[in-house]
Protein chains: 2
Amino acid sequence: MTATPAPSPEAPAAGDFLRLDEQICFSLNAASRAFGGVYRVLLKDLGLTYPQYLVMLVLWEHGELPVKKVGEHLRLDSGTLSPLLKRLETAGLVRRERSARDERSVQVGLTEEGAALRERALSVPRRIAAATGADLEEIRELRARLDRLTAALDEAALSEAPGCT
Amino acid sequence: MTATPAPSPEAPAAGDFLRLDEQICFSLNAASRAFGGVYRVLLKDLGLTYPQYLVMLVLWEHGELPVKKVGEHLRLDSGTLSPLLKRLETAGLVRRERSARDERSVQVGLTEEGAALRERALSVPRRIAAATGADLEEIRELRARLDRLTAALDEAALSEAPGCT
DNA sequence: AGCAATTTAGTTGTGCACAATTAAATTGCG
DNA sequence: CGCAATTTAATTGTGCACAACTAAATTGCT
């Protein structure tokens, strides 16, 4: 009575959605972790984890930034970034210093070593692209869909937050 | 010389890939976390985290399974599942017992309470679908693309593992 | 039977994600 | 100015992901 798979050969029963459901978000989750596995291998040489690599990308592109801005680029808060940045600092890739203009904010910048690491990272995107086995156009479209999805979900999370029905 | 953004207004320089790169996998990562936020809200009522919900989906669909099989369905290993299942057991949703036939394996099954929880989960997929703002067809196609991507990445990870150039 | 290789869970340690809280500096308003 | 509200990082605590390792049972081979 409890865990019978419930054949239901003709009508799409309500329970079927629990299977479909798994596939929608689980596919995303699995793809994200599969990427993680490939990045882990490629980034090992550089001594970076994938989230650390994302931070380095932001710094390589924008130069010195306050923690807040780094978090906005990556959709991460200080609870994640503070320890991560501390590890990058310990590794000698990043400098952190309180802003003189606003003592609340901490400016994050690259050390020479951190800036130099960019050269060794240049081959990563091509190798990742090769691992996906997809052409640039497909990747672009997939990215667009995912960004739309993220925007819709963030929107929904906002209206869900209080007591909105 | 170090952190200059490097304008390069006409030629697609090698460094541009470091931006594109961010967008490929970061979009995926961001979408996955955005889903996590929506699920977190919806599953709070049920007292489940998203990974715990995935485990419950597997058990609702397949009934009693060894830990190994649960892991195969979800692409997770015992390092993740053992503590997670222990929490579900503490919550009274799941039973764990050593198989008599093979003392190495642990069978995971639903308690009555765990089986009953399924009823309250039936509304989740619909509410998630609503939050995505996408129709079923788009979701299906996206899922197919992601699954292909995951397969390609897993494939690549395998040939990358030893010393394959 | 005897023993090495394999399989299955669990444990340990590192790092990330995120909610909740804290502390300090800044801003805004009367 | 004086003080409440806001902003910014950091900290704390929970849970997940995964690599590396351990322990125990099973399988396979001779």
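Order of the sequence lines fixes the chain letters, A, B, ..., with proteins taken first and strands second; residue numbering starts at 1 for each chain.
Among the protein residues, B:P83 comes within range of no part of the nucleic acid, since none of its heavy atoms lies under 4.0 Å from any strand. Using a 4.0 Å heavy-atom cutoff across all strands shown, B:T80 reaches at least one base atom of the nucleic acid.
The nearest whole Å value for the distance from the CG atom in B:L76 to the C1' atom in C:dG10 is 15 Å. Here D:dG15 presents its P atom at 15 Å from CG of B:L43, a figure rounded to the nearest Å. Atoms CD (A:Q107) and P (D:dT8) sit 12 Å apart, rounded to a whole Å. Between the P atom of C:dT7 and the CG atom of B:L81 lies a distance of 19 Å, rounded to the nearest Å. To the nearest angstrom, P of D:dC18 lies 7 Å from CG of B:D77. Taking atom CD of residue A:E103 and atom P of nucleotide C:dA25, one finds them 7 Å apart after rounding to whole Å. Remark: P of D:dG15 and CG of B:L85 are 14 Å apart, rounded to the nearest angstrom. Distance CZ (A:R98) to P (C:dA24): 11 Å, rounded to an integer number of Å.
Heavy-atom contacts from other residues, nucleotides or ligands closer than 6.0 Å to CZ of A:R96 number more than 12.
Using a 4.0 Å cut-off between charged nitrogen and carboxylate oxygen, B:R98 and B:E103 do not count as a salt-bridge pair. B:E89 has no carboxylate O lying under 4.0 Å from a charged side-chain N of B:R95, or vice versa, which leaves the two without a salt bridge.
Note on B:K86: a side-chain N or O is less than 4.0 Å away from OP1 or OP2 of C:dT11. Using a 4.0 Å cut-off, some side-chain N or O of A:R96 falls inside it from OP1 or OP2 of D:dA10. Phosphate proximity of C:dA9 to B:S78: absent, as no side-chain N or O sits under 4.0 Å from OP1 or OP2. A close approach under 4.0 Å does occur between a side-chain nitrogen or oxygen of A:R40 and OP1 or OP2 of D:dA19.
Under the 3.5 Å distance criterion, the side-chain polar atoms of A:R145 are left unmatched by any main-chain donor or acceptor of B:L142. For the pair B:T111 (side chain) and B:G92 (backbone), a donor-acceptor distance under 3.5 Å is present.
Among the nucleotides D:dA25, C:dA9, C:dA17, the one closest to the side chain of B:P66 is C:dA9.
When the nearest nucleotides of DNA chain C are assigned to B:R104 and A:P51 by heavy-atom distance, the more 5′-ward of the two goes with B:R104. Heavy-atom nearest nucleotides on DNA chain D were determined for A:S105 and for A:K44, and the one closer to the 5' end corresponds to A:S105. Along DNA chain D, the nucleotide closest to A:N29 and the one closest to A:S82 are compared, and the more 5′ of them pairs with A:S82.
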